Amino acid sequence: MTQTLTEELWAESVAPVYTKILEHPFLAGLTDGTLPREAFAHFVVQDSHYLRDYARALAVCAAKAPGEEEVRAFADDAIGALAAEQGMHAEFLAVFGHSAAEAAALPVLPTTRAYTSYLLATAYGGSFAEAVAAVLPCYWVYAKVGEQLLARSSPDPLYARWIAVYGEESFQSVVRRVLALTDRLGEQLGAAERRRVHEHVRTTTRYEWMFWDAAWRGEGWPV
């Protein structure tokens with residue numbers, strides 16, 4: 001039986017990195033409550049920066065989408081990314097004594113800058129399928145992580161709140177919709193474009209690992 005594109009992408013481009021993501025001490029610290037608060041604060045500030053550009057990449061997906069249903073879906077997701085940045089992140093930032101405006105004034109750090117630059121360059125410069133491939137791991141990895149972590153949750157109420165957002169059905173259903181679209185696109189891809197889709201998915205999945213690792217390390221600009 002022929003594999004769907006998402007089955008192929010998972011096996012070849014996502015799963016090897018996803019295994020490393022689940023093993024990362026940042027996520028282990030979320031579930032057992034030992035993650036230092038400064039690491040989570042770093043993550044939340046950088047995620048706020050990230051989501052603003054992720055929303056732009058989703059808006060480009062909407063602009064390139066061939067059908068009205070996909071235009072509406074990606075436009076809604078772009079609005080949702082901004083809503084998450086303004087809503088949930090504002091709650092978390094308040095815990096650390098930051099307003100949204102203060103967080104926005106903090107530097108965009110190297111991994112965040114690299115990840116969002118890659119997303120936007122691919123979304124603007126590639127085909128619709130390539131744009132979808134670039135944004136896909138953020139949906140997919142967070143859904144899988146949320147699903148895995150939800151059963152364990154966390155003794156820390158702040159971390160439990162973060163886990164619940166990505167494990168809940170409303171987010172999971174959005175991800176299933178994007179995966180179904182990816183499979184439909186896979187039926188139309190030529191060999192060269194399929195290779196580019198794999199490369200984008202592999203690259204942004206790696207950036208997902210790097211994003212958590214940057215928060216764990218307290219990454220800053222070296223000079």
Side-chain angles (χ1 to χ4, degrees), residues 9 13-14 42-93 98-143 145-146 162 165-166 170-171 173-175 177-182 185 193 196-212 214-215 219 221:
L9 287 169
S13 297
V14 181
H42 182 292
F43 169 83
V44 171
V45 169
Q46 292 305 304
D47 203 37
S48 295
H49 290 312
Y50 169 84
L51 284 173
R52 284 190 286 274
D53 278 342
Y54 188 63
R56 292 184 176 94
L58 293 174
V60 177
C61 288
K64 290 189 170 188
E68 291 183 7
E69 182 180 346
E70 291 83 7
V71 171
R72 284 194 299 269
F74 280 115
D76 286 345
D77 290 352
I79 293 167
L82 291 174
E85 189 268 323
Q86 293 168 354
M88 179 180 69
H89 282 72
E91 294 177 32
F92 292 147
L93 289 167
H98 290 307
S99 69
E102 288 168 337
L106 294 172
V108 179
L109 294 176
T111 296
T112 310
R113 180 70 74 194
Y115 190 175
T116 58
S117 295
Y118 185 90
L119 278 178
L120 290 169
T122 304
Y124 278 107
S127 66
F128 176 58
E130 288 179 80
V132 172
V135 300
L136 177 61
C138 186
Y139 287 102
W140 206 357
V141 169
Y142 271 73
V145 166
W162 184 90
V165 168
Y166 296 104
S170 59
F171 180 69
S173 65
V174 168
V175 177
R177 184 251 299 159
V178 179
L179 292 171
L181 168 62
T182 303
L185 292 173
E193 190 173 20
R196 292 195 296 273
V197 162
H198 267 278
E199 181 61 26
H200 297 317
V201 168
R202 189 177 302 113
T203 298
T204 53
T205 302
R206 286 169 169 162
Y207 273 127
E208 288 295 328
W209 183 93
M210 290 170 64
F211 200 89
W212 278 308
E219 178 188 70
W221 286 103

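Side chains are part of it too, since the values below use all heavy atoms of this structure and drop only hydrogens, waters and symmetry mates. All values reported here derive from a predicted model rather than from experimental measurement.
- Once rounded to the nearest 0.5 Å, the distance linking CG of L181 with CZ of F128 reads 5.0 Å.
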Just do the side-chain contact (heavy atoms from CB on, under 4.5 Å) check on Y54 and L119 with the steps written out, would you? CA-CA 7 Å; Y54 188 63; L119 278 178; 3.7 Å; yes
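- Of all heavy-atom pairs between A131 and A123, the closest is CB-CA, 3.8 Å.
- Annotation: side chain of T182 is in contact with side chain of L136 (closest heavy-atom distance under 4.5 Å).
- Nearest heavy-atom pair, H42 versus A215, reported as atom, atom and distance to 0.1 Å: ND1-CA, 3.3 Å.
- Here the side chains of L58 and Y139 are in contact, with some heavy-atom distance below 4.5 Å.
- Taken from OG in S117 to OH in Y207, the straight-line distance is 8.0 Å, to the nearest 0.5 Å.
- The two atoms that bring A129 and E193 nearest to each other are CB-OE2, 3.6 Å, heavy atoms only.
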List the steps and the verdict of salt bridge (Lys or Arg N to Asp or Glu O under 4.0 Å) for R177 and D76. CA-CA 13 Å; R177 184 251 299 159; D76 286 345; over 6 Å; no
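- Side chains of V165 and F171 form no contact here, defined as non-hydrogen atoms less than 4.5 Å apart.
- At a threshold of 4.5 Å between non-hydrogen side-chain atoms, the residues V175 and Y166 do not count as touching.
- Shown here for A59 and A78, the closest heavy-atom pair between the two residues is N-CB, 4.1 Å.
- Under the 6.0 Å cut-off for aromatic ring centres, F211 and F43 qualify, their centroids lying closer than that.
- Ring to ring, Y142 and W212 are close: their centroids are under 6.0 angstrom apart.
- Interatomic distance, T122 OG1 to R196 CZ, rounded to the nearest 0.5 Å: 11.0 Å.
- For T111 against A214, the heavy-atom pair with the smallest separation is OG1-CB, 3.9 Å.
- For the atom pair E130 CD and L185 CG, the distance stands at 11.5 Å (nearest 0.5 Å).
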Would V201 and H198 count as a side-chain contact (heavy atoms from CB on, under 4.5 Å) here? Give the steps. CA-CA 5 Å; V201 168; H198 267 278; 5.9 Å; no
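- Between atom CG of residue L82 and atom CG of residue D77 there is a gap of 11.0 Å, rounded to the nearest 0.5 Å.
- Y115 and Y50 have tilted rings, their planes meeting at an angle from 30° to 60° on a 0 to 90° scale.
- Side-chain contact between F74 and V132 is present, with heavy atoms from C-beta onward closer than 4.5 Å.
- Here the closest non-hydrogen pair linking V135 and A57 is CG1-CB, 4.0 Å.
- H200 contributes atom NE2, which lies 11.5 Å from atom CG of L9 (distance to the nearest 0.5 angstrom).
- E199 has a carboxylate O that lies under 4.0 Å from a charged side-chain N of R202, or vice versa, which qualifies the two as a salt bridge.
- Annotation: E69, atom CD; neighbour count of heavy atoms from other residues, nucleotides and ligands within 6.0 Å does not exceed 12.
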